[in-house]
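Side-chain atoms are counted along with the backbone in the values below, which use heavy atoms only and exclude waters and symmetry mates. Letters go in sequence order (proteins before strands), and every chain restarts at 1.
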2 protein chains.
Amino acid sequence: MNSEFTIAVHSLVYLASRPDRMATSDAIARNVNTHPSRIRKVMSLLRKQGYIATKEGIGGGYLLECLPENATLADIYRATSIGSIKPNWCSGDKQGNCSIASQMAAVMDEIFSDTEKKMLQHLEEMTVRDVLERVRIAHR
Amino acid sequence: MNSEFTIAVHSLVYLASRPDRMATSDAIARNVNTHPSRIRKVMSLLRKQGYIATKEGIGGGYLLECLPENATLADIYRATSIGSIKPNWCSGDKQGNCSIASQMAAVMDEIFSDTEKKMLQHLEEMTVRDVLERVRIAHR
DNA sequence: CCATACTGTTATTCTAATGGTTACAGTTGA
DNA sequence: TCAACTGTAACCATTAGAATAACAGTATGG
């Protein structure tokens, strides 16, 4: 799996932990330990789904728009990494006349897509608030 | 996810489809569309778990040792790709004193590991025989 | 017992994916 | 208008992944 999911979850948890629920890409990047530009790219995806709002200009940054208990990890996964469970590489040969070689890629595709759905059902049960809780408990 | 899982499933399905349940790495590689050496590497993993037997020397190759209806995709995933759901990249800074930055990696680790377990529960319900069936149905 | 046809494994090379960095235009408030 | 932000795209560096080569080990048939 793609690490933009990790970055997105971390960023939202970080925002949720702040009293004003705001931070700049720079502050988030320092906490996440990556480049501000990468944060901005991921935040862009989250903004398009309405989980955060952006304020440009001086005193700007990112603001958590949703309640931490309403943002599920499934939402975040869908916004950042859908399809990433499937490897890029495909086996077989679609054009060939062997039934296995020609159909395997399509069948595996279905299997990966079904598996991802199950994964999402599980991620549906965890929210940004839950993750923040877990972080705080782990910190003791 | 790692494509060795795909190669392993494809190879086992291919073996299951053969009347004698045998094939050389060369024949499997042609069907899967990769290099024989890669097949041998993956088959080595499957052999260690007892799903196939190897015969070296002339007339040798790989033999399906289990019943196709007993080999689940979860078994194959465990043999080839366990842990591959988790990205290599980790956020935060374990040494730092911010509770979020220092704990996030561990919490995400747990989340990925739980998610992988759910995935395995789903893969548990599909066998090599089922995949072969699906391939045959898709071929019509 | 030797030539042949296999597997097992490691090392090397090539390619694609990923993450880091830079650059710069656009936006906003003091 | 300047300074502090975001939005994006482009580029570079690193790493992971796949293909290939190489060769030792093993079994079989002549």
- Message: For A/Asn97, is the CG atom crowded, meaning more than 12 foreign heavy atoms sit under 6.0 Å from it?
- Response: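 Check fails, neighbour count at 12 or below.
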- Query: Is it the case that more than 12 heavy atoms not belonging to B/Arg129 sit under 6.0 Å from its CZ atom?
  - Reply: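 No, because the 6.0 Å sphere around CZ of B/Arg129 holds 12 heavy atoms or fewer from other groups.
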- Message: Students should find this one: the first and last nucleotides of DNA chain D, 5' to 3', lying under 4.0 Å from a heavy atom of chain B. What are they?
- Response: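 Listed 5' to 3', the contact boundaries are D/dA16 to D/dT28.
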- Message: Quick check on DNA chain D: between B/Ser3 and B/Ser37, whose nearest nucleotide comes earlier from the 5' end?
- Response: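 Per heavy-atom nearest nucleotide, the more 5' residue is B/Ser3.
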Between [Y] and [X], is there a side-chain donor-acceptor contact under 3.5 Å, judged purely by atom types and distance?
| X | Y | result |
| --- | --- | --- |
| A/His10 | B/Ser91 | yes |
| B/Arg38 | B/Ser3 | yes |
| B/Arg40 | B/Ser37 | no |

- Message: Testing the basics here: between A/Ser81 and A/Glu116, what is the closest heavy-atom pair and its distance to 0.1 Å?
- Response: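 Where A/Ser81 meets A/Glu116 most closely, the heavy atoms are O-OE2, 4.2 Å.
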- Item | Close residues, residues 43-59 of chain A, relative to DNA chain D [heavy-atom separation under 4.0 Å] |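 The stretch gives A/Ser44, A/Arg47, A/Thr54, A/Lys55, A/Glu56, A/Gly57, A/Ile58 as the residues lying under 4.0 Å from the strand, ordered by number.
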- Message: Classify A/Asn2 by what it touches in the nucleic acid, base, sugar-phosphate, or nothing, heavy-atom distance under 4.0 Å.
- Response: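 The answer is nothing, as A/Asn2 stays clear of every strand by at least 4.0 Å.
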- Message: Counting the atoms with a prime plus P, OP1 and OP2 as sugar-phosphate, which does B/Asn88 contact under 4.0 Å by heavy atoms, base, sugar-phosphate, or nothing?
- Response: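 Sugar-phosphate, no base atom in range.
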Are any non-hydrogen side-chain atoms of [X] and [Y] less than 4.5 angstrom apart?
| X | Y | value |
| --- | --- | --- |
| B/Arg21 | B/Glu65 | no |
| A/Lys55 | A/Leu63 | no |
| A/Ile28 | A/Tyr62 | yes |

- Query: Ignoring hydrogens and geometry, is there a side-chain-to-backbone donor-acceptor pair from B/Asp75 to B/Thr72 under 3.5 Å?
  - Reply: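 Indeed, once roles are kept as given, a pair shorter than 3.5 Å links the two residues.
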- Message: Need two values: the first and the last nucleotide of DNA chain C, 5' to 3', having an atom under 4.0 Å from any heavy-atom of chain A.
- Response: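 Result: C/dA17 to C/dG29.
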